[in-house]
A.B. asks: 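The structure follows.
One-based numbering, in listed order, for ligands and for the atoms of each. Note that this is a predicted model, so its numbers are computed, not measured.
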Amino acid sequence: MSLTDLYGRKIKYLRLSVTDLCNLRCIYCMPENGVCKKSHSEILSIEELTDIAEAAYNLGIKKIRLTGGEPLVRKGILTLCRNIRDIADDIELSLTTNGAMLSEMAKPLKDSGVNRLNISIDSFRAETYRVITRVGNLSNALSGTEAAIQAGFDNIKINTVLMNGFNDCEIDDMIAFTKDNAVQLRFIELMPLGEAKKLCHSCYQSVSEIEQYLRENAQMTVDGVARVYRLPSHKGSIGLISPMSHGFCPTCDKIRVTCDGKLKPCLHSKEEIDLRNLSGDQLKAAIAAGVTQKPLHHHLASGGTDTSRGMNEIGG
Ligand code: SAM
Ligand code: SF4
């Protein structure tokens with residue numbers, strides 16, 4: 001069984017947001033004072049999240065990513081990981097985290113069946129990291145990354161949102177970081193949704209200049225939405241994700257579910273399909289119907305995002 005949208009794109013990847021809460025307050029994602037905590041009944045329970053993962057798997061989706069908010073602050077996250085692993089061995093289960101809690105959580109996540117981690121670190125300078133995250137400590141993210149390596153995670157990806165005036169002066173250092181560290185460091189273009197709308201006009205920076213340098217010095221391969229370059233003698237690689245300057249909609253294979261149970265066929269569109277109170281064949285039918293609402297492309301270049309949700313609700 002496989003899911004195909006109206007434009008022939010095969011849908012193979014589910015991003016499941018398990019909470020909209022976070023222990024950090026990144027300036028482009030969370031309001032300074034955080035968001036109001038939803039009541040228990042407003043967010044998907046661990047059982048509902050498991051049912052959605054199972055229905056998606058039965059529709060042919062083998063790649064599931066847990067995200068948020070910060071997924072590691074969600075109570076029951078390890079149970080959810082084990083439940084998803086119990087659905088099938090061939091699910092590629094990954095998680096995106098800010099890394100702040102990985103020192104304690106990396107080994108339990110590995111033992112609960114998580115295959116891969118993406119860790120978001122926007123600066124390798126302690127002061128800049130604090131300014132971007134408002135409350136975070138770089139040392140926690142770095143020790144969390146080390147704990148993930150020690151726990152046996154390989155192919156770790158470091159997500160870095162490129163921002164003019166914040167971390168653009170670190171590009172060379174970040175590229176140099178991949179010389180001795182076997183990670184994929186991914187530069188991501190800032191997208192104008194939620195809190196980031198206020199920042200984009202002054203902070204948005206395209207990855208094109210980085211790409212020009214890399215093209216002259218390395219071979220490119222494609223990994224999902226990223227163009228990946230490995231410089232000679234570097235243990236790690238550099239990934240470029242450019243939703244703004246090079247749209248990747250033609251190859252988009254994703255659907256997303258928010259922590260309050262809405263399927264989003266596209267990150268940037270306002271269409272949402274309610275998955276709550278559904279199970280079995282009804283749940284599968286709702287997911288399949290949602291896929292048919294996936295638009296051909298987003299409208300970022302011509303006026304911005306159509307969704308009113310913030311990234312902390314959708315999960316990236
Ligand atoms: N809290 C986790 C973390 O930070 O990795 C998971 C959720 S976070 C919303 C997922 C990813 O989205 C992070 O890598 C974050 O940097 C990225 N992100 C958030 N807002 C963004 C924006 N406006 N444009 C581009 N990336 C964004
Ligand atoms: Fe939290 Fe991740 Fe958003 Fe930063 S990007 S505020 S770590 S959810």
A.B. asks: Number of protein N/O/S atoms less than 2.8 Å from atom 1 (Fe) of ligand 2?
C.D. replies: 1
A.B. asks: Do the charged groups of Arg82 and Asp86 touch, with an N to O distance under 4.0 Å?
C.D. replies: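 Salt bridge between Arg82 and Asp86, a charged N being under 4.0 Å from a carboxylate O: no.
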A.B. asks: Look at Arg186 together with Asp223 and state whether they make a salt bridge at an N to O cut-off of under 4.0 Å.
C.D. replies: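 Yes, Arg186 and Asp223 are salt-bridged.
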A.B. asks: Would you please say whether a donor-acceptor pair under 3.5 Å links the side chains of Asp260 and Thr258?
C.D. replies: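 A pair is found: one side chain offers a donor N or O, the other an acceptor, under 3.5 Å apart.
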A.B. asks: Could you tell me whether Asp20 and Lys38 have a side-chain N and a carboxylate O separated by less than 4.0 Å?
C.D. replies: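 Salt bridge present between Asp20 and Lys38.
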A.B. asks: Minimum heavy-atom separation for Ile61 to Lys12, with atom names?
C.D. replies: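 That would be CG2-O, 3.5 Å.
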A.B. asks: Salt-bridge test for Lys264 and Glu271: reply yes if a basic N is under 4.0 Å from a carboxylate O, no otherwise.
C.D. replies: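 No, Lys264 and Glu271 are not salt-bridged.
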A.B. asks: Strictly below 4.0 Å, N to O, side chains only: are Lys63 and Glu92 in salt-bridge contact?
C.D. replies: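 Glu92 and Lys63: not salt-bridged.
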A.B. asks: Hey, is Arg309 close enough to Glu272 for a salt bridge, meaning N to O under 4.0 Å?
C.D. replies: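 Glu272 and Arg309: salt-bridged.
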A.B. asks: Strictly under 4.0 angstrom, heavy-atom based: which residues surround ligand 1?
C.D. replies: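 Residues near ligand 1: Tyr28, Thr67, Gly68, Gly69, Glu70, Thr96, Thr97, Asn98, Ser120, Asn159, Val161, Glu189, Leu190, Met191, Leu193, Ala196, Met311, Gly315, Gly316.
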A.B. asks: Judged by modelled atom types alone, do Asn312 and Arg25 share a side-chain donor-acceptor pair under 3.5 Å?
C.D. replies: no
